[in-house]
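As the structure is a computational prediction, the values presented were derived from the model and not from experiment. Just so it is clear: chains get the letters A, B, ... in the order the sequence lines come, proteins before strands, and each one is counted from 1. We use all heavy atoms of the structure for the numbers below, so side chains are in, but hydrogens, waters and symmetry mates are not.
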Amino acid sequence: MDYKRHLVTAALPYANGPVHIGHLAGCYLPADIYVRYQRAQKRDVKFICGSDEHGVPITIRAMREGVTPQDVVDKYNTIIKDSFAGMGISFDIYSRTSNKIHQETSQAFFKKLYDDGAFEERESEQYYDAEKDVFLADRYIIGTCPNCANPNAYGDQCEKCGSTLSPEQLIEPRSALSNSPLVKKATTHWYFPLNKYEDFLKEWIVEGKKDEWKSNVYGQCKSWLDSGLQPRAMTRDSSWGVPVPLPGAKGKVLYVWFDAPIGYISATKELTAQWSDYWCKEDTKLVHFIGKDNIVFHCIIFPAMLKAHGGFVLPENVPANEFLNIEGEKVSTSRNWAVWVDEYIKDFPDQQDALRYVLCANAPESKDNDFTWKDFQDRVNNELSAVLGNFENRAFVLMHKLCKGRVPALHADEINDMDKALMADIRDAKTKVENAIESYKFREGLAEVIDLARKGNKYLQDNAPWSLAKTPELQEANQKRIDICMHLCLQLTANLAILLNPFLPFTAGKMCKKMKVVERMLEWENAGRIDLLKVNYPLLPPELLFRKIEDEEVATQVQKLQDNLKKATQAIVENSTAAAVKAEQETPLAAPKATITFDDFAKIDLRVGTILKAEKVEKADKLLKLEVDMGTEVRTIVSGIAMHFSPEEIIGKQVSVVANLAPRKMRGIESNGMILMAQNADGKLIFVSPLATADNGSEVK
RNA sequence: GGCGAGGUAGCUCAGUUGGUUAGAGCACAGGAUUCAUAACCCUGAGGUCGGGAGUUCAAAUCUCCUCCUCGCUACCA
């Protein structure tokens, strides 16, 4: 299809923290390269982004810091925006979802779907804080983690052990707002029946995008579609977000994943009155750049929403990248294991392109990749500086020494095969880089540019103009050959600037200045030409494009990572103990569990038993099926300890058993009782067993 | 356990519809050179393509089984 306009979006960063280099490598840098290339092609393109400013984590952070959610998003919106600007990410607009235009746009979107009967209304029981008179989202619910006993796990996740939770799993759930115990109460929400769009999505993605989308993206979509889609609530009970535009929906807001992608539309509206050309006309090419964590929202949910609404184009491609690890470990914001963009800009002033180079050359395009400072140094010093920077510098120095600082003539009648080969390489490079960028293979495209510089180095080496000018007489005799060589080297340098521009715009700009050409020269159609610099045109003196990264800088950055990690880990420990102490002080009676009478205790039939047999339960990672000798009988008990013990090592162990616990089926096996375990803070399990051997079946009291 | 994505030289990655001695960059070794940021250029060493079986005249590439890493998901009373 011949597209008339391009609409490029980059995932809306969540405004509860700064951006790190993983974000950059994952979507903003590739998107920026793609857009800069399209602009150089003089195509009609709009590059859309903005802060995602709703959702529960922001309210949590606000609560912790004792400020309003608006304060939080204002702060991070500024930091994020500055980071992007500092790195040369060239959005046409960087908006934010707390803007009025976004509220109106997303409400209108919701209303349209509502009026068309696209939603299903459902009532469900949710945790409710009676003291504050609010329903609580999962994040607002705090309780003891069933896995690691962290007393401050959230209803969706435990930050200490990282396990995914649901509020029902928490022991002693309480409100993060008031610290009071919770009750369940009915609430109504609007569900979007994704299942109704399964056929449409299957046809569009599974059949339509098989060979177009990246395998990771396609595979994940297919996986979701094959396992069947479920209706999904598109509203939440919260005070922070876009209010649901219906009468009687007080205290309800749009689900952040409903309103966030609409943010692309509202930002476009804010940017241009012609916004609907970009969103509604079929000859627009819409491309979403995202990280792999966003695939399902951009490939399944948002397209289904757009389809339900009608009148919008669907993404032509969603080139999601994988994750970038740091020094061999996953990025973790809570552990502060990350390289923050705002700090990089401070630590390496005027070195944006060094980072852009490394993040592109090592982008996680097909699998998770690792960023190390040593690799950063190697790539900058041995590829960027040594090959590209050095070639450009050689060309300038030689031109000044051998050609009086002016672009020498080409002498077209005397060019040889070597010259012709170089000219062909210049032309080919254009096509190669072009094809790579158009198919989202940015690392390949960048490598092609470097490769062209490498060819320049070889050409210089083969011609060795310096040895043709060892003496004034010799130089005079060889001046024509020298001129041709330097002429081509300089034209090659101009070409490098054009090809490099999408990737390293700061460098391309510097090169233009040194060649004293206007930036219009960087237009893509000029690539491949060897008449970009006019003969006899004086150029500026040589000046290095890149500086080397020193060993000490690498050491400093690695140390900084370690220090950050140490500080953050300490803070987590202190916070959780401080919070636990505070919780006890504020609610002395709400200590772990309420007092029970002896009679209550006596209801529990605790007995000693010996494990006779143990085996893994099929299709379950955590379960062991145990046969326990209870003295009078042998019981089957299923226990979730397979991650901690192998079957062999626990056979023969004597254990304490809750003998009168109601039977429960797990993975199809009926469990009759429960093995008592102590659990350390680090999650380690220890059997609660008699110190000396007791008779099987004897009572524990 | 299910699903998805990966597993190719020390490191980072290419390998089109199965077809001659499996490629590139970096790192490493040797050489050449001095215009250049001890940079560049040349040469070399380095891989039973995670493992096993099969289909085929021919498999990194197709089929089946298996192991490892990452992600989603199930199981934890």
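- Going from the P atom of rA5(B) to that of rC65(B) covers 16 Å, rounded to whole Å.
- Note: CD (Glu448(A)) to C1' (rA24(B)) measures 10 Å, nearest angstrom.
- Residues Asn216(A) and Ser639(A) each lie close to RNA chain B; by heavy-atom proximity, the contact nearer the 5' end of the strand is made by Asn216(A).
- Residue Ser215(A) places at least one side-chain N or O under 4.0 Å from the OP1 or OP2 atom of rG6(B).
- A salt bridge links Asp368(A) with Lys292(A); the closest basic N to acidic carboxylate O contact falls under 4.0 Å.
- Judged by a 6.0 Å distance limit and a 45° cone about the ring axis, Lys514(A) is positioned over the six-membered ring of Phe396(A).
- Whole-Å rounding puts the Phe442(A) CZ to rA14(B) C1' distance at 18 Å.
- A distance of about 7 Å separates the C1' atoms of rU8(B) and rA60(B), rounded to the whole Å.
- Counting to the nearest Å, the C1' atom of rA5(B) and the CD atom of Glu365(A) are 15 Å from each other.
- The partner of rG44(B) is rC28(B), judged by Watson-Crick or G-U wobble contacts that both fall below 3.5 Å.
- Here Arg394(A) does not pair with Glu392(A) in a salt bridge; the nearest charged N to carboxylate O distance is not below 4.0 Å.
- Between the side chain of Arg635(A) and the main chain of Asn672(A), a donor-acceptor pair closer than 3.5 Å is present.
- Comparing rU17(B) with rA59(B), their C1' atoms sit 14 Å apart, to the nearest whole Å.
- No engagement by Glu444(A) is indicated, since no non-hydrogen atom pair under 4.0 Å with the nucleic acid exists.
- Spacing of P atoms, rG47(B) relative to rA9(B), comes out at 10 Å, to the nearest Å.
- At rA14(B), one or more side-chain N or O atoms of Ser366(A) fall inside 4.0 Å of OP1 or OP2 (strictly under the cut-off).
- Rounded to a whole Å, the CZ atom of Arg443(A) is 15 Å from the P atom of rC26(B).
- Pairing partner, rA14(B): none, since no Watson-Crick or wobble contact has both distances short of 3.5 Å.
- A salt bridge links Asp451(A) with Arg454(A); the closest basic N to acidic carboxylate O contact falls under 4.0 Å.
- Taking atom CZ of Phe323(A) as the reference point, atom C1' of rG4(B) lies 14 Å away to the nearest angstrom.
- Comparing the same atom, P, in rG25(B) and in rU63(B) gives a spacing of 32 Å after rounding to whole Å.
- Between Ile669(A) atom CD1 and rC76(B) atom P the separation is 12 Å, expressed in whole Å.
- The existence of a salt bridge linking Asp428(A) and Lys430(A) is excluded, since no basic side-chain nitrogen approaches an acidic carboxylate oxygen closer than 4.0 Å.
- Across the strands present, rC35(B) finds no partner; the criterion is a Watson-Crick or G-U wobble pair with both atom distances under 3.5 angstrom.
- Counting to the nearest Å, the P atom of rG6(B) and the NZ atom of Lys214(A) are 10 Å from each other.
- In this structure, Ile205(A) and Lys222(A) have side chains that are not in contact, with every pair of non-hydrogen atoms separated by 4.5 Å or more.
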Using a 4.0 Å heavy-atom cut-off, write out nucleotides 35-41 of chain B from 5' to 3' as B (base contacted by protein), S (sugar-phosphate only) or - (no contact).
-> BBB-SBS

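- For Glu383(A), counting side-chain heavy atoms from C-beta on, the closest listed nucleotide (rG4(B), rA77(B), rG25(B)) is rG25(B).
- The partner of rC62(B) is rG54(B), by the rule that a Watson-Crick or G-U pair needs both atom distances under 3.5 Å.
- Using P as the reference atom, rC11(B) and rG30(B) are 22 Å apart when rounded to the nearest Å.
- Across His298(A) and His288(A), no two heavy atoms sit closer than the pair CD2-CG, 3.8 Å.
- As judged by a 4.0 angstrom heavy-atom cut-off over every strand, Lys292(A) is placed among residues touching the sugar-phosphate backbone only.
- Across all strands shown, rA77(B) forms no Watson-Crick or G-U wobble pair with both distances under 3.5 Å.
- Partner assigned to rC70(B) is rG4(B), using Watson-Crick or G-U wobble distances below 3.5 angstrom.
- At least one side-chain nitrogen or oxygen of Lys330(A) sits closer than 4.0 Å to the OP1 or OP2 atom of rG71(B).
- Screening Asn321(A), Ile295(A), Val318(A) for a side chain to side chain contact (heavy atoms under 4.5 Å, CB included) with Lys214(A), the sole residue that qualifies is Asn321(A).
- Atom NZ in Lys222(A) sits roughly 20 Å away from atom P in rC72(B) (whole-Å rounding).
- Comparing rC35(B) with rA24(B), their P atoms are spaced 31 Å from each other, to the whole Å.
- Both tests do not hold together for Lys209(A) against Tyr218(A): distance to the six-membered ring centre under 6.0 Å, angle to the ring axis within 45°.
- Looking at heavy-atom distances under 4.0 Å, Lys470(A) makes contact with sugar-phosphate atoms alone, never a base.
- In this entry rA22(B) has no Watson-Crick or G-U wobble partner, no candidate having both defining distances under 3.5 Å.
- The P atoms of rA45(B) and rG52(B) are separated by 26 Å, rounded to the nearest whole Å.
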